[in-house]
Engineer: 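Below you will find the structure I want to go over with you.
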Amino acid sequence: MKTSVVGYPRIGKTRELKFASEKFFKGEISEVELKNVAKEIRKANLLKQKDAGIDFISSNDFSFYDNVLDTAFLLNVIPARYKQLGLGETETYFALARGYQAEKGNVKALAMKKWFNTNYHYIVPEFEDDTEVKLNASKPVSEFKEAKALGVDTKVQLIGPFTLLKLAKYTGDKKLEDFKDKVTDAYAALLEQLGAEGAEWAQLDEPYLVRDLTDTDIKLFSDIYNVILAKKSSVKILLETYFGDIRDIYETVISLGFDGIGLDFIEGRKTKELVKEFGFPKDKLLFAGLVNGKNIWRNNYEKTLGELSELKETIGDSVVLSTSCSLLHVPYTLDSETKLTEDYKKHFAFAEEKLVELAGIAELADSSDAAAADAYIENQKLFAGRVDSKDEAVQERVAAIKDEDYTRLPDFFEREKIQKAKLGLPLFPTTTIGSFPQTQDVRKNRQNFRKGLITKEQYEEFNKKKIADCIALQEEIGLDVIVHGEYERNDMVEYFGENLAGYVFTEKAWVQSYGTRCVKPPIIWGDVSRKSPITVPWSKYAKSCTEKPVKGMLTGPVTILNWSFPREDISIKESTLQIALAIRDEVLDLEANGIDIIQIDEAALREKLPLRKSDWYSQYLDWAIPAFRLVHSGVKPETQIHTHMCYSEFTDIIPAIDAMDADVITFEASRSDLQILDSLKENNFKTEVGPGVYDIHSPRVPSVDEIVEALTKMRDRIEDSKLWVNPDCGLKTRGETETKASLINLVEAAKILRA
């Protein structure tokens with residue numbers, strides 16, 4: 001049995017790409033030095049997979065920032081405002097991703113959104129009426145040749161044309177249909193180039209196929225691939241899908257002339273059913289995604305071998321064992337974890353370990369007596385159940401939740417009057433989302449405390465000084481609602497996980513979120529509960545430093561779950577309710593200690609929303625929204641509950657968001673041109689709202705006029721009495737100078753509106 005990996009992590013085993021890129025942005029290393037680091041990462045990735053015996057290895061799965069952006073750049077889909085800067089190729093590429101502000105010009109970055117149901121973010125391609133689609137770069141060809149020189153024959157991974165066109169933004173009169181033929185021709189030309197260089201396989205990723213598709217979508221897909229498949233020369237085409245099943249288009253896909261089709265058997269709820277009902281062509285290879293590319297638990301060999309056996313009975317031997325999606329979504333290797341005991345590590349498989357699993361499962365599948373093999377026997381011992389994962393008290397508390405525990409009284413409109421009277425905030429109140437820049441001294445203080453180089457008292461005194469300074473800065477700037485800056489927090493999820501029972505933590509299990517931003521998701525090992533108050537001491541201290549209202553800052557249960565590696569032995573719903581009860585305890589303690597405004601961030605609410613609308617409520621929203629309400633339903637009417645959501649498409653779930661029954665919701669909106677505002681108005685959104693007025697993922701400083709213009713657009717759709725003024729996300733990754741300048745302009749813009 002052959003094996004395949006959809007794609008591999010690209011940040012480097014020790015985040016080499018992140019650090020090199022950030023040095024390049026600061027001018028500390030040259031472009032040549034940056035590219036040399038990237039080349040070494042690609043080499044290590046390829047040889048690691050080759051040494052593991054993987055048969056189908058991808059090239060062109062590497063990116064300096066994002067593969068969708070790479071594809072847009074490849075096809076010359078570069079808006080005129082970036083070309084007019086007159087920058088070099090690499091600088092233009094990063095300007096698209098990060099924005100640009102220097103002597104040559106000032107432009108925002110392209111929009112950024114979540115990649116389907118993951119915490120990875122992609123850059124949204126932007127087609128203008130005069131966009132000339134053509135092959136603009138040679139990255140896929142050069143990286144294929146680079147791999148070949150290392151002795152690795154690869155399948156060339158590409159974001160497929162259908163997914164690219166469906167995810168793109170069209171800014172003028174021309175729409176998707178107007179660019180379809182040119183995009184199709186460009187892909188056909190690229191495949192011809194790859195064939196001329198000796199590429200045997202090209203992998204075209206079409207994850208958009210797992211969404212709800214219309215007849216128009218299906219025709220578009222068929223039109224594109226009828227042309228590409230008719231023109232293809234020697235290159236074999238693998239159509240790769242992931243994150244779900246392709247129930248709307250399965251029969252069409254298997255009828256077309258693909259040489260291989262990749263299907264997700266992990267998240268594809270109907271994938272197995274589709275293969276059984278409609279069969280699979282004998283002249284194609286089925287790349288069966290049976291090794292989970294998104295979670296870190298060991299594969300259950302018994303279950304996987306059973307699935308493979310069923311597939312063989314249905315379609316014969318033309319099965320390739322594959323990851324369910326790219327391994328981009330899991331950390332590099334367990335070898336970097338020196339503090340986790342073997343009792344924990346033996347249950348986990350990161351990217352490198354999944355390579356071993358692929359090879360091992362394939363070998364067992366070829367064996368005449370797989371069940372007797374040592375590897376099989378050892379593997380199955382892991383699935384006998386973990387006794388230490390259960391906490392009866394937690395389970396009893398979840399079982400005791402009543403319907404009324406999900407409802408806050410009095411209703412929103414009555415609370416709104418009470419809160420406005422108590423807080424006395426001006427029109428267009430100004431605030432931030434929570435975190436302030438985590439400068440080198442902040443990270444060093446936390447690191448020294450972890451290493452035992454300073455005492456707890458020294459660590460806390462440092463943080464108190466930073467909090468006091470941060471509050472003084474906010475008062476100087478003139479912000480209306482103050483935050484404490486979150487200097488004690490390494491990450492908005494990991495920090496809470498460290499203070500909850502039931503979690504396991506890693507040292508270097510980093511995963512790319514976007515660009516150079518990496519996260520280290522904690523692992524939910526067992527039943528979750530709060531050990532003791534988490535944020536209360538810091539919020540109390542912050543409150544003592546100012547007469548202005550201070551927001552208590554928490555992460556919500558759905559986001560904590562979605563940004564952790566979840567358990568697979570209980571439902572996600574049950575895990576989320578356990579976390580919700582723990583955060584509820586924290587909310588009530590903050591209120592008891594005089595914190596009148598409490599923000600419970602649900603940045604990742606949209607992230608695990610099923611990709612098919614028919615599953616939205618039954619599979620997710622019917623418990624995710626109540627889980628949030630459970631967190632805050634016990635507070636008094638005068639306590640104002642905020643939440644925050646970022647970098648997702650919310651327009652189609654506005655009623656569900658309103659049903660969260662928060663008092664104020666802040667959204668990312670700056671990169672999406674405030675598109676969400678129309679949906680708020682159409683749905684008579686009752687909650688007070690703060691759409692982000694500037695993009696914090698770019699180093700550029702917004703002008704006062706720019707913010708006033710954004711707020712003016714907001715006022716057309718949101719009542720003045722309900723409009724808050726804030727950045728679109730936390731300021732943790734920004735520099736101190738640009739942060740202060742941006743916030744000064746933000747406050748000045750609010751003053752202009754009040755006047």
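None of these values were measured; they are calculated from a predicted model.
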Engineer: Could you work out, with side chain to side chain donor-acceptor pair (under 3.5 Å) as the rule, every residue matching Gln157, not counting sequence neighbours?
Structural biologist: Asp205
Engineer: Decide, yes or no, whether a salt bridge links Asp491 with Arg517 under the criterion of side-chain N to carboxylate O below 4.0 Å.
Structural biologist: yes
Engineer: What are the two closest non-hydrogen atoms of Phe505 and Gly497, and how far apart are they?
Structural biologist: CZ-C, 2.9 Å
Engineer: Going from OG on Ser575 to CG on Leu561, what distance comes out if it is rounded to the nearest 0.5 angstrom?
Structural biologist: 5.5 Å
Engineer: Which residues pass the salt bridge (charged side-chain N to carboxylate O under 4.0 Å, His left out) test with Glu507, not counting sequence neighbours?
Structural biologist: none
Engineer: Would you please name every residue forming a salt bridge (charged side-chain N to carboxylate O under 4.0 Å, His left out) with Lys294, sequence neighbours left out?
Structural biologist: Glu267
Engineer: Measure across Ala365 and Leu308 and return the closest heavy-atom pair with its distance rounded to 0.1 Å.
Structural biologist: CB-CD1, 4.1 Å
Engineer: Where do Phe56 and Phe287 land on the ring pair (Phe, Tyr, Trp, His ring centres under 6.0 Å) test, with the steps shown first?
Structural biologist: CA-CA 10 Å; Phe56 291 89; Phe287 288 70; 5.0 Å; yes
Engineer: Does Lys346 offer a backbone N or O that forms a donor-acceptor pair with the side chain of Arg298 under 3.5 Å?
Structural biologist: yes
Engineer: So, Lys303 and Glu307, do they make that salt bridge, N to O below 4.0 Å?
Structural biologist: no
Engineer: For Lys180 and Leu165, which heavy atoms make the closest approach, and how far apart are they?
Structural biologist: CA-CD1, 4.1 Å
Engineer: Looking at residues at least two apart in the chain, or sitting in another chain, which of them share a side chain to side chain donor-acceptor pair (under 3.5 Å) with Glu568?
Structural biologist: Asn295
Engineer: Among pairs that include at least one residue of residues 314-325, which meet side chain to side chain donor-acceptor pair (under 3.5 Å), considering only residues two or more places apart or in two chains?
Structural biologist: none
Engineer: If you round to the nearest 0.5 Å, how far is NE2 of His347 from CG of Leu334?
Structural biologist: 12.0 Å
Engineer: Main chain of Gly260, side chain of Lys236: is a donor-acceptor contact present, judged purely on distance under 3.5 Å?
Structural biologist: no
Engineer: Which residue is it: Phe116, Phe243, Trp510, Tyr8? I am looking for the one with a ring pair (Phe, Tyr, Trp, His ring centres under 6.0 Å) to His329.
Structural biologist: Phe243
Engineer: Could you pull out all donor-acceptor pairs under 3.5 Å where a side-chain atom in residues 39-47 meets a protein atom, sequence neighbours excluded?
Structural biologist:
unit_1: Arg42; atom_1: NE; unit_2: Glu146; atom_2: OE2; d: 2.6
unit_1: Arg42; atom_1: NH2; unit_2: Glu146; atom_2: OE1; d: 3.0
unit_1: Asn45; atom_1: OD1; unit_2: Tyr332; atom_2: OH; d: 3.3
unit_1: Asn45; atom_1: ND2; unit_2: Pro9; atom_2: O; d: 2.8

Engineer: Between Lys48 and Glu352, does any side-chain N to carboxylate O distance fall below 4.0 Å?
Structural biologist: yes
Engineer: Keeping Glu337 on the side-chain end and Lys508 on the backbone end, is there a donor-acceptor pair under 3.5 Å?
Structural biologist: yes
Engineer: Specify whether Trp115 and Tyr242 have parallel, tilted or perpendicular ring planes, treating 30° as the upper limit for parallel and 60° as the lower limit for perpendicular.
Structural biologist: tilted
Engineer: Tell me every residue that passes side chain to side chain donor-acceptor pair (under 3.5 Å) with Lys50, counting only those two or more places apart in sequence or in another chain.
Structural biologist: none
Engineer: What heavy-atom pair brings Leu274 and Ile246 nearest, and what distance separates the two atoms?
Structural biologist: CD1-C, 4.0 Å
Engineer: Only counting residues at least two apart or in another chain, list the ones meeting ring pair (Phe, Tyr, Trp, His ring centres under 6.0 Å) with Phe280.
Structural biologist: none
Engineer: To the nearest 0.5 Å, what is the distance between OH on Tyr65 and CZ on Phe73?
Structural biologist: 14.5 Å
Engineer: For Phe144, which residues count as a ring pair (Phe, Tyr, Trp, His ring centres under 6.0 Å) partner, sequence neighbours excluded?
Structural biologist: none
Engineer: Tell me yes or no: between the side chains of Tyr225 and Glu206, is some donor less than 3.5 Å from an acceptor?
Structural biologist: yes
Engineer: With a 3.5 Å distance limit and no angle check, can you tell me whether Thr559 reaches the backbone of Ala604 through a side-chain donor-acceptor pair?
Structural biologist: yes
Engineer: Can you sort out the partners of Asn136 under side chain to side chain donor-acceptor pair (under 3.5 Å), two or more places apart, ordered by chain and number?
Structural biologist: none
Engineer: Could I get the full list of salt bridge (charged side-chain N to carboxylate O under 4.0 Å, His left out) partners for Lys276, not counting sequence neighbours?
Structural biologist: Glu310
Engineer: Look up atom CZ in Phe94 and atom CG in Leu69, then write down how far apart they are to the nearest 0.5 Å.
Structural biologist: 9.0 Å
Engineer: Would a distance-only check, ignoring hydrogens and angles, find a side-chain to backbone donor-acceptor pair under 3.5 Å from Asp245 to Lys270?
Structural biologist: yes
Engineer: Over all heavy atoms of both residues, which pair between Asn562 and Lys608 is shortest? Give the atoms and the distance, please.
Structural biologist: OD1-CG, 2.8 Å
Engineer: Looking only at atom types and distance, does a side-chain atom of Thr304 sit under 3.5 Å from a main-chain N or O of Tyr301, one as donor and one as acceptor?
Structural biologist: no
Engineer: Please report the interatomic distance CG(Asp185) to CG(Leu75), rounded to the nearest 0.5 Å.
Structural biologist: 11.5 Å
Engineer: Could you list the residues that satisfy salt bridge (charged side-chain N to carboxylate O under 4.0 Å, His left out) with Asp70, not counting sequence neighbours?
Structural biologist: Lys139
Engineer: Would you check if Val5 and Val291 make a side-chain contact, meaning some heavy-atom pair closer than 4.5 Å?
Structural biologist: no
Engineer: Can you confirm if the NZ or CZ of Arg211 lies within 45° of the ring axis of Tyr208 and under 6.0 Å from the centre of its six-membered ring?
Structural biologist: yes
Engineer: So that I can tick it off, tell me whether Lys166 and Asp217 are bridged by a salt bridge, with the cut-off set at under 4.0 angstrom between side-chain N and carboxylate O.
Structural biologist: yes
Engineer: More than 12 non-hydrogen atoms from neighbouring residues, nucleotides or ligands closer than 6.0 Å to CD on Glu363, yes or no?
Structural biologist: no
